[in-house]
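These notes concern the structure reproduced below.
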Protein chains: 2
Amino acid sequence: MPTKSTRVPTHASTPVKRRPGGRSARVQDAVYSAVGKLMATQRPDQITVPMVAELADVNPTSVYRRWGDIDALLEEVAVAAFTREDEVLPDTGSLEGDLREWARVITDDIVRPHRTRYLRAMVNARDGVVLDACPCWTARREQLAEMISRAHTRGERTPSVEQVLDHVIAPLYHHVVFALPADTAYAERLVDDVLSMRSAESR
Amino acid sequence: MPTKSTRVPTHASTPVKRRPGGRSARVQDAVYSAVGKLMATQRPDQITVPMVAELADVNPTSVYRRWGDIDALLEEVAVAAFTREDEVLPDTGSLEGDLREWARVITDDIVRPHRTRYLRAMVNARDGVVLDACPCWTARREQLAEMISRAHTRGERTPSVEQVLDHVIAPLYHHVVFALPADTAYAERLVDDVLSMRSAESR
DNA sequence: CCTCTAAAGCAATGACCTTTGCAATTAGTG
DNA sequence: CACTAATTGCAAAGGTCATTGCTTTAGAGG
């Protein structure tokens with residue numbers, strides 16, 4: 001069992017890691033990059049520590065010592081990949097336009113093979129637990145809240161954040177992870193459906 | 001590589017298997033049962049052939065010879081588990097009542113740990129392919145078609161089969177496989193939402 | 001520039017999985 | 001009932017993965 005270092009650093013300003021200097025950072029980057037490359041072609045559950053270690057030109061022992069096992073590493077890389085906030089929110093002037101564009105971007109993102117594998121890796125890691133929140137959904141939730149808030153100030157009648165998550169995001173991700181066909185047209189159909197629903201507050 | 005027998009049987013009436021007699025059937029039952037028991041406690045991707053072989057009191061070699069690898073075996077057992085047609089369709093007199101009851105039964109089914117693991121196993125097996133149809137969804141689709149057809153004969157305005165699949169089934173399965181909370185109340189909310197949508201044919 | 005120690009590398013070890021050849025069992029068939 | 005072949009059991013061998021003790025490297029602070 002890998003005993004994670006929990007010693008408190010001298011200054012509160014220094015990050016949790018005790019020695020984030022050049023070499024450790026280089027190793028971590030190399031390992032992350034190797035995982036990303038393997039994800040492009042390999043199924044998550046057949047990626048092994050020696051595989052990523054060789055591709056990263058790092059000793060397997062280092063990977064075992066820092067991450068414990070392959071699952072922890074994959075999970076870490078997966079959430080890192082999905083929490084990057086480099087997306088710009090669409091602002092078309094109407095909620096319908098915003099949602100269509102937003103759903104289109106998300107769809108084009110997650111249908112790419114390596115993104116699909118990240119999703120499936122996250123599915124695998126969740127065993128025996130029920131999470132109230134998931135890092136990659138909180139980002140979506142915030143984006144949605146922003147777009148819906150804007151629509152409200154324009155006086156539009158809108159569905160709730162939860163309704164859009166349940167009826168646009170969930171079906172999209174569902175189709176992708178279960179290998180069912182998913183494309184932009186499907187995403188737009190979902191947006192049409194959710195916009196035709198009676199809004200939540202009138203329930 | 002396991003060379004699957006492709007020899008044509010003498011009579012077209014005889015099934016594909018060449019020797020489905022007592023012993024083979026017993027072995028298959030034991031293996032299926034062992035997989036089911038392991039699924040109750042183990043993650044799919046850490047179930048190994050020797051594990052199921054020992055629990056089934058069967059030689060590992062037999063499993064390798066018949067199924068090739070653990071993935072093929074798990075996939076086979078999973079689809080077998082999800083295509084059992086022992087469910088009775090609800091018939092409450094209204095589509096709303098039918099859907100609520102139907103969604104409730106499905107929810108109670110898939111939140112059980114071993115059922116969740118079967119779903120995740122199916123997710124894993126789907127790599128690099130996009131399927132037009134999935135065996136466990138065709139069953140749902142047929143059940144839905146029946147209920148909606150009955151509602152139509154009663155003169156009810158109904159959503160389409162696809163809409164119910166996308167907005168009730170998909171979010172439910174999504175929540176379950178991603179370890180997000182899912183219960184009967186959630187399922188009923190989804191049913192309410194889909195029933196408040198503008199129906200598909202009026203689009 | 002020097003010291004200290006966290007982190008990485010190395011090598012040996014053990015455990016487990018998978019394959020393969022051969023013998024034994026047993027289900028179909030005449 | 002006897003015959004044939006499909007299927008299983010057995011055992012050995014090869015390969016990969018994961019762990020562990022020790023050594024070496026190189027940040028970080030004085």
Side-chain angles (χ1 to χ4, degrees), chain A residues 1-35 38 42-74 76, chain B residues 1-35 38 42-74 76:
Chain A
M1 178 183 311
T3 61
K4 229 168 198 170
S5 157
T6 53
R7 214 174 59 180
V8 183
T10 356
H11 304 307
S13 62
T14 57
V16 189
K17 304 200 170 197
R18 288 187 277 179
R19 230 174 141 163
R23 196 191 193 187
S24 286
R26 273 197 306 275
V27 169
Q28 172 158 330
D29 287 350
V31 169
Y32 271 45
S33 169
V35 169
L38 288 174
Q42 302 283 326
R43 258 175 55 179
D45 64 314
Q46 59 192 15
I47 295 179
T48 68
V49 169
M51 273 173 160
V52 310
E54 190 194 15
L55 195 57
D57 199 35
V58 162
N59 198 289
T61 310
S62 303
V63 177
Y64 285 118
R65 287 222 161 86
R66 275 178 73 155
W67 285 278
D69 57 9
I70 190 68
D71 287 333
L73 172 58
L74 260 49
E76 188 176 311
Chain B
M1 179 183 307
T3 61
K4 231 169 198 170
S5 156
T6 53
R7 212 176 62 180
V8 183
T10 354
H11 304 306
S13 62
T14 57
V16 189
K17 302 199 171 190
R18 288 187 278 180
R19 223 173 147 169
R23 197 192 192 186
S24 287
R26 273 197 306 275
V27 169
Q28 172 159 329
D29 287 349
V31 169
Y32 271 45
S33 169
V35 169
L38 287 174
Q42 303 283 326
R43 259 176 53 180
D45 64 313
Q46 58 193 16
I47 294 179
T48 67
V49 169
M51 272 173 158
V52 310
E54 191 194 14
L55 195 57
D57 199 35
V58 161
N59 198 289
T61 310
S62 303
V63 178
Y64 283 118
R65 287 217 160 87
R66 276 178 72 153
W67 285 279
D69 58 9
I70 190 68
D71 288 333
L73 172 59
L74 291 182
E76 188 175 311

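Excluded from the calculations below are hydrogen atoms, water molecules and symmetry mates; all remaining heavy atoms, backbone and side chain alike, are included. So that the names make sense, note that chain A is the first sequence line, chain B the second, and so on, each numbered from 1.
Protein atom CZ of Arg26(B) is 15 Å distant from nucleotide atom P of dT7(D), rounded to whole Å. Rounded to an integer number of Å, the gap from CZ of Arg23(B) to P of dT26(C) is 5 Å.
A heavy-atom distance below 4.5 Å is found between the side chains of Gln28(B) and Arg66(B). Between Ile47(B) and Ile70(B), some side-chain heavy-atom pair lies under the 4.5 Å cut-off. The closest side-chain heavy-atom distance from Val63(A) to Val31(A) is below 4.5 Å. Looking at heavy atoms from C-beta onward, Ser62(B) lies out of side-chain contact with Trp67(B) at the 4.5 angstrom threshold.
Rounded to 10°, the helix from dC1(C)-dG30(D) to dG30(C)-dC1(D) has 40° between the axis fitted to its first five pairs and the one fitted to its last five.
Distance alone, capped at 3.5 Å, is enough to place a donor-acceptor pair between the Asp69(B) side chain and the Ala72(B) backbone.
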Polar pairs (N or O, both sides) under 3.5 Å between protein and nucleotides 14-18 of chain D?
residue: dC17(D); atom: OP1; partner: Thr48(A); partner atom: OG1; Å: 2.9
residue: dA18(D); atom: OP2; partner: Tyr64(A); partner atom: OH; Å: 2.2
residue: dA18(D); atom: O5'; partner: Tyr64(A); partner atom: OH; Å: 3.0

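In this structure, Asp57(B) CG and Arg26(B) CZ are separated by 12.0 Å, a value rounded to the nearest 0.5 Å.
Non-hydrogen atoms lying under 4.0 Å from DNA chain C are contributed by Val58(A), Asn59(A), Thr61(A), Ser62(A), all within residues 54-62 of chain A.
Residue Ala56(A) comes nearest to Ala30(A) through the heavy atom pair CB-O, 3.5 Å, listed as atom of the first residue, atom of the second, then distance.
Of the candidates dC10(C), dC10(D), dT7(D), dC10(D) carries the atom nearest the Arg65(B) side chain, counting heavy atoms from C-beta on.
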Kindly determine whether Asp71(B) and Arg43(A) satisfy salt bridge (charged side-chain N to carboxylate O under 4.0 Å, His left out), including the steps that lead there.
-> CA-CA 12 Å; Asp71(B) 288 333; Arg43(A) 258 175 55 179; 3.2 Å; yes

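Within 6.0 Å of CD in Glu54(A) there are 12 or fewer heavy atoms belonging to other residues, nucleotides or ligands.
The only member of Leu38(A), Val58(A), Leu74(A) that meets side-chain contact (heavy atoms from CB on, under 4.5 Å) when paired with Val52(A) is Leu38(A).
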